[in-house]
Chemist: 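Provided herewith is a single structure, encoded as structure tokens, for subsequent inquiry.
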Amino acid sequence: MRYLPLTPEDRSAMLNTIGAASVDDFYQDVPQSARLDGQIHGLPDHQGELAVERHMARLAAKNTTASDGPFFVGAGAYKHHVPASVDMIIQRSEFLTTYTPYQPEIAQGTLQTLFEFQTQVAEMTAMDVANASMYDGSTACAEAAVMACRVTRRKKVVLSGGLHPHYAAATRLLCEAQGIEVIELPPAIDGELELAKHVDDATACIIGQSPNVFGTVTDLSPVADAAHDKKALLVSVFTEAVSLGLVTPPGEMGADIAVGEGQSIGNPLTFGGPYVGLFACTQKLVRQMPGRLCGETVDADGERGFVLTLSTREQHIRRDKATSNICTNSGLCALAFTSHMTLLGGAGFEQLAQLNHETACDLADALEAVPGVKILTPRFFNEFAFETPVDAEAVLAMLEERGVLGGVRASRLVPDGDMGNVIIAAATECTTQDDIAAYAAALKEVI
Amino acid sequence: MRYLPLTPEDRSAMLNTIGAASVDDFYQDVPQSARLDGQIHGLPDHQGELAVERHMARLAAKNTTASDGPFFVGAGAYKHHVPASVDMIIQRSEFLTTYTPYQPEIAQGTLQTLFEFQTQVAEMTAMDVANASMYDGSTACAEAAVMACRVTRRKKVVLSGGLHPHYAAATRLLCEAQGIEVIELPPAIDGELELAKHVDDATACIIGQSPNVFGTVTDLSPVADAAHDKKALLVSVFTEAVSLGLVTPPGEMGADIAVGEGQSIGNPLTFGGPYVGLFACTQKLVRQMPGRLCGETVDADGERGFVLTLSTREQHIRRDKATSNICTNSGLCALAFTSHMTLLGGAGFEQLAQLNHETACDLADALEAVPGVKILTPRFFNEFAFETPVDAEAVLAMLEERGVLGGVRASRLVPDGDMGNVIIAAATECTTQDDIAAYAAALKEVI
Amino acid sequence: MGMQTIGRPTTPVAVAGSNGGTISGSKGLQQREDLIFEVGALDKTGVDLPTPKGRKDRLGGVARKTDVALPGLSEPEAVRHYVRLSQKNYAIDLGLFPLGSCTMKHNPRLNEKAARMAGFADIHPMQPQRTVQGALELIDELATWLKTLTGMPAVAMSPKAGAHGELCGMLAIRQALIARGEAATRKRVLVPASAHGTNPATAIQCGFIVDEIKADARGRVDMDDLKAKLETTDDIAGIMLTNPNTCGLFETDMKDIADLIHEAGGYFYCDGANFNAIVGRVRPGDLGVDAMHINLHKTFSTPHGGGGPGSGPTVLSEALAPFAPVPYVIKDEDGFHLVEDIEGEAANAFGRMVAFHGQMGMFVRALTYMLSHGADGLKQVAEDAVLNANYIQARMKDIMTPAFDGYCMHEALFSDAFAAEGVETIDIAKALIDEGYHPMTMYFPLVVHGAMLVEPTETESKQELDRFCDALTGVANKAAAGDPSLKGAPYFAPKKRLDETQAARKPILKWTPPVPEAIAAE
Amino acid sequence: MGMQTIGRPTTPVAVAGSNGGTISGSKGLQQREDLIFEVGALDKTGVDLPTPKGRKDRLGGVARKTDVALPGLSEPEAVRHYVRLSQKNYAIDLGLFPLGSCTMKHNPRLNEKAARMAGFADIHPMQPQRTVQGALELIDELATWLKTLTGMPAVAMSPKAGAHGELCGMLAIRQALIARGEAATRKRVLVPASAHGTNPATAIQCGFIVDEIKADARGRVDMDDLKAKLETTDDIAGIMLTNPNTCGLFETDMKDIADLIHEAGGYFYCDGANFNAIVGRVRPGDLGVDAMHINLHKTFSTPHGGGGPGSGPTVLSEALAPFAPVPYVIKDEDGFHLVEDIEGEAANAFGRMVAFHGQMGMFVRALTYMLSHGADGLKQVAEDAVLNANYIQARMKDIMTPAFDGYCMHEALFSDAFAAEGVETIDIAKALIDEGYHPMTMYFPLVVHGAMLVEPTETESKQELDRFCDALTGVANKAAAGDPSLKGAPYFAPKKRLDETQAARKPILKWTPPVPEAIAAE
Ligand SMILES: Cc1ncc(COP(=O)(O)O)c(C=O)c1O
Ligand SMILES: Cc1ncc(COP(=O)(O)O)c(C=O)c1O
């Protein structure tokens, strides 16, 4: 086996040193009845690279990729261009095959990039501090909710009707397990400001999203004020990190905690994961944050260096008192994120956001011109919901036959939302004017 | 522009330091009439990654790849599997973006791999020493011919009728420019031993190939003896390096110089280049070799290290007295070669050779069973020539329509060889039994 | 698992003499590299984007007010920044990475290649299912491998890492208790003191309370303590047990424990982080386990990436299977489908843990690895992993202090008893850095004083193990002799010992522009 | 071009004190790594191949007799071997690589990605041309770029590197002379003393004789010497001139030289290695050039790869175009075609230089690069390259000794005049290594004593240039002061100065198994 360096001679020499007759000796503690003798049935034996690669290529070929034709699927994950150098950087052995930087003297590479990542995320979200990543946006959202409860010592959270339903589900799950009451406002395309009406003295936090799952952008300042009035927190969510370059960011709206999905920067779609959860908050709350934090310090020579810090929040030190159970996070995706951001720079990032927005506006114009189409999202970044006279599932299927992946039917995300004819469509810098024209033409045919 | 770090402010600050008004000052030496003003016409302006990548992908999509279907094209380049780790290794920045190891203290990585490469090539060819690579097999062959003339102080070389015609052409070209007489024996599928009859006291070397361009394997020992009798050298050529694992290698046949193409180990097909020329010879001839050599030495602390050595053979030291004009060679392809060989090891390499041979035998059996097919190659490794009653170009075109790339028509390589109906077909470890069956079935249909 | 440094943040002892300076700050191949904020420029960029048209927007005024004040780097500078930084890291590809409980094995590059196939990397989780049949088939195929290897009937694929898998298993237990109407009463989860920190943390995250159980002198669960606990309580929700456990030992009484827990009305959560020791030789399903997460980023070789991403599919017993979270993949005559809604056959699902369908990128890698090894190879993996650990234990047992008698499984645990007064585990760890090795896991598990947990994995050759043992022997001898130079280690790393105390006291968690001198002087 | 060390092979001076040893031989992140022959095993392998069936062979007995006695490594060991070794290299991705005449610019990773597209990497040169239309189109597109940028009517794409391109150009000249019936009489090729070694070597390879022409005090061709040569000889085949030349200067009299050579019945070969300085600003075709190779691995950013592969397409004037070698690509209404045979329109071709059609892998990269920069960006490339070089010259001119007055083009040339007695160029070079830099080209061109040729390229930022100049200033000051420590440099590199004299005296060119001690003792 190509991954196993021991030769038969090595094995017997080593057994000899150990004084064991065979490896079976090491398994003596296993109850006899639980020992597998011989092969596991139903699984193939080892295969060479060529055979395995062909197997995987065969499976891959059964999928339609986002680059195979006009593509408008979004709703929480976005098709963006990832520079080739980003993929090269994350494939560096020294980043790819190392562990969490627990030994800072030989992990300054990882640590410095995390410090830079935290700085970038804080600046993009306009928050004070950011952590070193969560699994993804949805779990970051759930962690934000329980953190708010810890901070406020309250046990109620309110979710907007525009919060991504998967985020809402993950949040509800974690909260309910901890005995936290979860109020979910009914699905609403433009209902984020409703949150203001649902804060009371028992509320730990309200959770709003902008751009929300229907693409609507909202200045959450009024709900921040409402929350703060009641000493509750505002958790501000985004699923499209590129929007931070153009749309009012959480920090400018008074958010106490900002969470979101970072996939759009540096990370491919990969059918939903791995992605990278962004988590930022105000300085005041830092010691209640979940996840790892990288901080600056000096070494014995007085030289600047970086270490993981405030670990007493974490499970490996604090165990049952930890702020979260998270251990492994999304390190390499964070590296992809930070290296892409480094290439973009603030100016490039804003330009990218602008391009996304303009392309989506072009798309909206083109679809709006198709008779029967009604754009439902009043203000948007790069994604919006629209309605046609026909069932969305049927429309999407007919578009697909014409080579256009036209978006996500709202009813897949909000089965009970009475949104059977609604499609959520996204456009990015990867969308060409030809793609848009193809979409409009196909849509005209099918509705 | 993403590859240019200078900002406009940098540029003016630098001009300031220099004391120049603008970059135009630096071009004052250019005759006025030769200065381009403004844009070069007919070429596009800069484009982002996404646009460029799409352009290249569009071109790539217009080609049929060797993995798209049953594939039997060989004749000097072979479709083999390259392990994923080989490609990862050659993409390491430190190997990819460095220069020829002229500063050995900070190039031990490159140097040690070259030393290992030389050792491997010497062992595989069963020769005493090997150099650090040539451009490819064909230029290695040409260099071997002129080296033989230098060594023997004679001016005549004889090429077998089985020498790859491209190799013969490159050799003829270089020799004739240097006033060396080139005798080419007529194309012959099984004519390597003919060489023995063409050595005389004026002959510097005879050049035979095994496996030759028609796939025939030949023990060249008799021609080595004939050459040595006349104090001429035997240059032994191969285009399929994998054959060295099974077929009698140059060193076992008394070759003085062994040259060949190393592409098969570690390097993809890439439409013919870059490849890696292998060049080995007897110890006696080492100071007449072309190209770079890496040698062992010690550093000031007495520790083992490696350096480029015997540079007085080379153009950068000896200029018009150099053994060759080669400078840049095939460093990274040699790295791919040596790392693939390291993964294979001698045992794995022999097994790979065996697999290739068996697959080709299976192919021969299958094609032979098609009525009208005659295998012409009497002894072969992984490639052979066969004849059908129909014009080879037509046969290959019809096979292509059936999704089978059936090989190379001999007449493309040997236009005057009277081989209109002959096809050269190769099989490797990438060829499946299904591929073979598809070939036989398609062939049956078309002839 | 990395290190446990309760009460032991490093404050380095000052040591004399650096190696003589250079003007550039670099030294030979070791390149100085400042923060991007110090080298980049605000108007610089390493991408070329089309110029926006300046068309009428549809933001409705919800626009960012402040600039994103982040510098950019041109591509050459950016590449160099990360390549330079990368060389300040240790990694598996550089050497033995014996971090106990982390299974730092070789990460095959074929896995990386497969994960980058457009058919996997460039597909969207919300595409119509017809267009992602290959992806669903892959998930199904991987699920089959996991179920077969563990002997369990069901698997939840969406958990994002080990701890998330624990959450999955414990939420399934919670849901089962809800279904039984006992959720409010059964709150107690037993967790051994030796457990990984994520275990108690997870139990708490699920609203349980944690009750610690003791280890016996052999490093296993103290059965008397366990039995006593079960007798004196009536609110047992379950137990969380790692097997092989974090001392690197097989829990001999595993089956009995399972029976006892089940009799007490609880469920058995097994932490499967150490599955590498037994894959192909023991099926957890045969030991009475109800739920177990599998770290694909340990046993199945997906790269750790400096802290993730991982993937923690969680296998479930018949008892817990009905409560598995959505989404999951099913197959019928039309092909593969995702069950996404909590209705129909998924009516009892405990919920959705995460957006979308799990760590596809890791699934591709793990399946590639499994197919490469095959069932036969995976068994050999376990055996070689255990052999390598026992070899280290055998070579070191007279030099260091093995924590327990007898053979170990995939990792060898030592205490610091052999070290002289004043020498601490951390000193040994840092001295190993100078020898070119990543240290072992330190101060974990907590049940052993100054613990050192050494997990070589199966992808180390005998030659590497010997070299490591030679180096470790040298360091251990110094430790036994109380060599004061250990306190200054590492000497040869990119940095000297870092001051973790200072970092925690006044946390600097991001770069801030230096205050201009004029202002600072005021 | 690297270094010229005529008569100066390094024999290091012994220096005191290594940094204190370790047991493993590694030091922190710097890993010891032995030869594969010392770590591998003969029966080990890092690939899994199907077992051969053992079927009847068709070798006819022509079988290898001895085993291929090479060790194999498992994949983990192999990956580690190369990753460890890689870290002993300097590279562009680590820092400024100011090797004059080498144009060590950033190698964009998009190029690497494009070259690996299956449609380029996995196509065979002898496939039916119908099945490789995209490849032929790419070659044609690249040829158009090259012809347009140089202002030349034709280009031969098959040369494998710069020196091979020189061969191409000189063989075309030879063929033109044959066509004129003057090949036997016109044998003399004029080459400046400052020329790169490949120039004279190539001329000789083509059967010409080399006649050296002098440089004037301004570092350009001495026009008097040239004219005198042309007047006193009647066998001129041509001239080989580099422009910008190897002193980093534009040959002011380029057009006059061309006219003179043409009047004398010769052809003008221009070495285009330094095209980076003028791309987009000057077209060699406007200067009377008949042939010029272009190093795609310099100007057009294909990576050097530690010594290759390169690619040297050679542009040709109207006069030489008919003699261009086969194969080449033409286009008609059916698509693209390869002209492979010396007949028809290629009847005058001088032959075939190489198997197949040239360095496709480099073509893909170069075209990707050209499209990225565009015509506008390439002009900026030249300007920034020249600006960077002049900036270094300006910053260093009072500290080191510029070889010539006035502005330079893309590289700055210094002599060792400023250095104290006993300090040599090589000492300065090795001291730069300690500062984290690859040295400049040393002892080349030969026309300058102790030459140091510094080519930063356009892909360096001002910040990097400043850091480099600061370091170089420090080293130069030491050199001026005769600091004896320079002789021991480098101190911080993976190796101390290596003994090149010993290597050449008793060459050890491959590993041989150690002689067992018993035998050695006899
Ligand atoms: C024993 C044990 N359990 C659980 C975990 C948590 O796994 P993850 O880091 O993937 O969340 C770890 C990881 O270090 C572990 O070692
Ligand atoms: C001026 C000059 N000419 C020619 C060459 C030869 O080019 P190559 O190394 O590609 O053969 C070089 C390369 O170093 C050079 O610098």
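So you know, we letter chains A, B, ... as the sequences are listed, proteins then strands, and number each from 1.
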Chemist: Given that the side chain runs from C-beta out, which part of C:Arg283 has a heavy atom under 4.5 Å from chain A: side chain, backbone, both or neither?
Modeler: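 Both the backbone and the side chain of C:Arg283 come within 4.5 Å of chain A.
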Chemist: Any donor-acceptor pair under 3.5 Å linking the side-chain atoms of A:Thr297 with those of C:Asp499?
Modeler: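 No, no side-chain donor-acceptor contact under 3.5 Å.
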Chemist: Under 4.5 Å heavy-atom distance to chain A, tell me which part of C:Leu138 shows up: side chain, backbone, both or neither.
Modeler: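 Both backbone and side chain.
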Chemist: Checking heavy atoms, do the side chain of A:Tyr167, its backbone, both or neither come under 4.5 Å from chain C?
Modeler: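 For A:Tyr167, side-chain heavy atoms alone lie under 4.5 Å from chain C.
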Chemist: C:Asp57 versus chain A, heavy atoms under 4.5 Å apart: side chain, backbone, both or neither?
Modeler: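 Backbone plus side chain of C:Asp57, per the 4.5 Å heavy-atom cut-off to chain A.
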Chemist: Pick from A:Thr17, A:Asp10, A:Leu246, A:Val129: which one has the most heavy-atom pairs with chain C under 4.5 Å?
Modeler: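 Highest number of pairs under 4.5 Å: A:Leu246.
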Chemist: Sort C:Phe350 into side chain, backbone, both or neither according to what part of it lies under 4.5 angstrom from a heavy atom of chain A.
Modeler: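 Both the backbone and the side chain of C:Phe350 come within 4.5 Å of chain A.
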Chemist: Based on non-hydrogen pairs under 4.5 Å, which of C:Arg352, C:His81, C:Lys462 is most in contact with chain A?
Modeler: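 Going by pairs under 4.5 Å, I would pick C:Arg352.
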Chemist: Identify which part of C:Pro490 has an atom lying under 4.5 Å from any heavy atom of chain A, answering side chain, backbone, both or neither.
Modeler: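 Side chain of C:Pro490 only, per the 4.5 Å heavy-atom cut-off to chain A.
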Chemist: Contact part of C:Ala503 toward chain A, heavy-atom cut-off under 4.5 Å: side chain, backbone, both or neither?
Modeler: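 It is both, since atoms from each part get that close.
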Chemist: Does any heavy atom of chain C fall under 4.5 Å from the side chain of A:Val307, the backbone, both, or neither of them?
Modeler: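 Contact with chain C: side chain only.
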Chemist: May I ask you to name which of C:Gln359, C:Glu33, C:Met254, C:Glu112 has the most heavy-atom pairs under 4.5 Å with chain A?
Modeler: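 Top count of heavy-atom pairs under 4.5 Å with chain A: C:Gln359.
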Chemist: Only counting residues at least two apart or in another chain, list the ones meeting salt bridge (charged side-chain N to carboxylate O under 4.0 Å, His left out) with A:Glu429.
Modeler: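 For A:Glu429 there are no salt bridge (charged side-chain N to carboxylate O under 4.0 Å, His left out) partners, ignoring immediate neighbours.
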Chemist: Counting heavy-atom pairs closer than 4.5 Å to chain C, which one of A:Thr270, A:Thr100, A:Leu396 comes out on top?
Modeler: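 Option with the top pair count is A:Thr270.
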Chemist: Could you tell me which portion of C:Leu49 (side chain, backbone, both or neither) has an atom closer than 4.5 angstrom to a non-hydrogen atom of chain A?
Modeler: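 Contact with chain A is through both the backbone and side chain of C:Leu49.
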Chemist: Is there a side-chain contact between C:Val79 and A:Met88 (heavy atoms, below 4.5 Å)?
Modeler: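 Touching, per the 4.5 Å side-chain cut-off.
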Chemist: Does any backbone or side-chain atom of A:Ala61 lie under 4.5 Å from a heavy atom of chain C? Answer side chain, backbone, both or neither.
Modeler: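 No part of it gets close to chain C.
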Chemist: For A:Tyr27, is it the side chain, the backbone, both or neither that has a heavy atom under 4.5 Å from a heavy atom of chain C?
Modeler: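 For A:Tyr27, side-chain heavy atoms alone lie under 4.5 Å from chain C.
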Chemist: For the residue pair A:Ile106 and C:Ile433, what are the closest heavy atoms and their distance?
Modeler: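 Nearest pair, atom of A:Ile106 first, then C:Ile433: CG2-CG2, 3.5 Å.
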Chemist: So which of A:Ile326, A:Leu343, A:Leu332 has the biggest tally of heavy-atom pairs under 4.5 Å with chain C?
Modeler: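 It is A:Leu343.
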Chemist: For the residue pair A:Tyr135 and C:His164, categorise the inter-ring angle as parallel (less than 30°), tilted (30 to 60°) or perpendicular (more than 60°).
Modeler: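 Plane angle between 30° and 60°, so tilted.
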Chemist: Is A:Arg35 salt-bridged to C:Asp286, going by a charged N under 4.0 Å from an acidic O?
Modeler: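 Salt bridge flag = no for C:Asp286 with A:Arg35.
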Chemist: Could you tell me which of C:Lys44, C:His106, C:Glu458 has the largest number of non-hydrogen atom pairs under 4.5 Å with chain A?
Modeler: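 It is C:Glu458.
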Chemist: Report which part of C:Phe356 has an atom under 4.5 Å of a heavy atom belonging to chain A: side chain, backbone, both, or neither.
Modeler: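 Contact with chain A: backbone and side chain both.
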Chemist: Name the member of A:Ala132, A:Pro378, A:Cys294, A:Ser210 that forms the most heavy-atom pairs with chain C at distances under 4.5 Å.
Modeler: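 With the most close heavy-atom pairs to chain C, the winner is A:Cys294.
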Chemist: Look at A:Asp362, A:Thr312, A:Leu293, A:Leu174 and state which one has the largest set of heavy-atom pairs under 4.5 Å with chain C.
Modeler: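 Top count of heavy-atom pairs under 4.5 Å with chain C: A:Asp362.
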Chemist: Counting only non-hydrogen atoms closer than 4.5 Å, does C:Met126 touch chain A with its backbone (N, CA, C, O), its side chain (CB onward), both, or neither?
Modeler: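 Both backbone and side chain of C:Met126 come within 4.5 Å of chain A.
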Chemist: Counting only heavy atoms closer than 4.5 Å, note whether A:Met1 contacts chain C via side chain, backbone, both or neither.
Modeler: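 The side chain, not the backbone.
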Chemist: Between C:Lys495 and A:Asp301, does at least one N-O distance fall below 4.0 Å, as a salt bridge requires?
Modeler: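 Looking at A:Asp301 together with C:Lys495, the answer is no, because their closest N to O distance does not fall below 4.0 Å.
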Chemist: Can you tell me which portion of C:Ala114 sits under 4.5 Å from chain A's heavy atoms? Options are side chain, backbone, both or neither.
Modeler: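 Side chain of C:Ala114 only, per the 4.5 Å heavy-atom cut-off to chain A.
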Chemist: Measure distances from A:Thr309 to the heavy atoms of chain C and classify the residue's part below 4.5 Å as side chain, backbone, both or neither.
Modeler: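 The side chain, not the backbone.
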Chemist: Pick one of side chain, backbone, both or neither for C:His297, based on which atoms fall under 4.5 Å of a heavy atom in chain A.
Modeler: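 Looking at C:His297, just its side chain touches chain A.
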Chemist: Could C:Lys496 and A:Glu303 be called an ion pair, given the rule that one side-chain N must be under 4.0 Å from one carboxylate O?
Modeler: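 Answer for the salt bridge query: no.
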Chemist: State whether C:Arg497 and A:Asp299 are salt-bridged, where the test is any N-O pair (Lys NZ or Arg NE/NH1/NH2 against Asp/Glu carboxylate O) under 4.0 Å.
Modeler: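 No, this pair does not count.
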Chemist: Need one label for A:Gln108: side chain, backbone, both or neither, based on atoms under 4.5 Å from any heavy atom in chain C.
Modeler: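 Backbone plus side chain of A:Gln108, per the 4.5 Å heavy-atom cut-off to chain C.
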Chemist: Measure distances from A:Ile90 to the heavy atoms of chain C and classify the residue's part below 4.5 Å as side chain, backbone, both or neither.
Modeler: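 Contact with chain C: side chain only.
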Chemist: Checking C:Phe97 against chain A: side chain, backbone, both or neither under 4.5 Å from a heavy atom?
Modeler: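 When you check distances to chain A, only side chain atoms of C:Phe97 fall under 4.5 Å.
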Chemist: In terms of heavy-atom pairs under 4.5 Å, which option from C:Pro71, C:Pro200, C:Gly72, C:Ser461 contacts chain A the most?
Modeler: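 Of the candidates given, the most pairs with chain A belong to C:Pro200.
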Chemist: Side chain, backbone, both or neither: which part of C:Met104 has a non-hydrogen atom closer than 4.5 Å to chain A?
Modeler: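 Looking at C:Met104, just its side chain touches chain A.
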Chemist: Is chain C contacted by the side chain of A:Arg2, its backbone, both, or neither, given a heavy-atom distance below 4.5 Å?
Modeler: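 For A:Arg2, the contact with chain C is made by the side chain alone.
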Chemist: Considering only heavy atoms, which portion of A:Pro415 lies under 4.5 Å from any heavy atom of chain C: side chain, backbone, both, or neither?
Modeler: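 Answer is side chain: those atoms of A:Pro415 sit under 4.5 Å from chain C.
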Chemist: Kindly give the heavy-atom pair with the smallest separation between A:Thr119 and C:Leu70, and that separation in Å.
Modeler: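 So the minimum-distance heavy-atom pair works out to O-CD2, 4.5 Å.
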Chemist: Look at the rings of A:Phe381 and A:His357 and say which category their plane angle falls in: under 30° parallel, 30 to 60° tilted, over 60° perpendicular.
Modeler: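 Correct class here is parallel.
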Chemist: Who passes salt bridge (charged side-chain N to carboxylate O under 4.0 Å, His left out) against A:Glu350, sequence neighbours left out?
Modeler: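 Partners of A:Glu350 under the salt bridge (charged side-chain N to carboxylate O under 4.0 Å, His left out) test: none.
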Chemist: Just checking, is any N or O donor in the side chain of C:Gln205 or A:Gln178 under 3.5 Å from an acceptor N or O on the other one?
Modeler: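 On atom types as modelled, these side chains qualify, holding a pair under 3.5 Å.
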Chemist: If I measure from the heavy atoms of chain C, does A:Leu15 come under 4.5 Å with its side chain, its backbone, both, or neither?
Modeler: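 For A:Leu15, backbone and side chain are both near chain C.
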Chemist: Using a cut-off of 6.0 Å, state whether more than 12 heavy atoms not belonging to C:Lys56 lie near its atom NZ.
Modeler: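 Counting other residues, nucleotides and ligands, NZ of C:Lys56 stays at 12 neighbours or fewer.
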Chemist: Go through C:Asp43, C:Asn107, C:Asp67, C:Leu42 and name the one with the most non-hydrogen pairs under 4.5 angstrom from chain A.
Modeler: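 If we count pairs closer than 4.5 Å to chain A, C:Asp67 comes out on top.
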Chemist: Among A:Ala57, A:Gly179, A:Ala13, A:Ala126, who wins on heavy-atom pairs under 4.5 Å with chain C?
Modeler: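 Heavy-atom pair counts peak at A:Ala57.
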Chemist: Looking at A:Ser93 and C:Ala91, what are the two nearest heavy atoms and their distance?
Modeler: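 Reported closest heavy-atom pair: O-CB, 3.5 Å.
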Chemist: Would you say the side-chain atoms of A:Glu261 pair up with the backbone N or O of A:Ala77, donor to acceptor, closer than 3.5 Å?
Modeler: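 No: the side chain of A:Glu261 does not pair with the backbone of A:Ala77.
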Chemist: With a 4.5 angstrom heavy-atom cut-off, which part of A:Phe349 approaches chain C: side chain, backbone, both or neither?
Modeler: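 Only the side chain of A:Phe349 comes within 4.5 Å of chain C.
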Chemist: Judged by modelled atom types alone, do A:Thr342 and A:Glu116 share a side-chain donor-acceptor pair under 3.5 Å?
Modeler: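 Side chains of A:Thr342 and A:Glu116: no pair found under 3.5 Å.
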Chemist: Which of the residues C:Asp122, C:Val132, C:Val210, C:Thr45 is involved in the greatest number of heavy-atom pairs with chain A at under 4.5 angstrom?
Modeler: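 When all of C:Asp122, C:Val132, C:Val210, C:Thr45 are compared, C:Asp122 has the most.
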Chemist: Under a 4.5 Å heavy-atom cut-off, does chain A meet the side chain of C:Glu75, its backbone, both or neither?
Modeler: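 For C:Glu75, heavy atoms of backbone and side chain both lie under 4.5 Å from chain A.
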Chemist: For C:Asp376 and C:Gln380, test the side chains for any donor-to-acceptor distance below 3.5 angstrom and give the result as yes or no.
Modeler: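 C:Gln380 and C:Asp376 do not have a side-chain donor-acceptor pair below 3.5 Å.
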Chemist: Does any donor atom in the side chain of C:Lys160 or A:Ser330 lie under 3.5 Å from an acceptor atom in the other side chain?
Modeler: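 C:Lys160 vs A:Ser330: no donor-acceptor pair found between side chains.
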Chemist: Could you report the tightest heavy-atom contact between A:Gln315 and A:Asn325, atom names first, then the distance?
Modeler: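 What the structure gives for the nearest pair is CG-O, 3.7 Å.
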Chemist: Between A:Glu105 and C:Lys430, is there a side-chain N and carboxylate O pair less than 4.0 Å apart?
Modeler: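 A salt bridge links A:Glu105 with C:Lys430.
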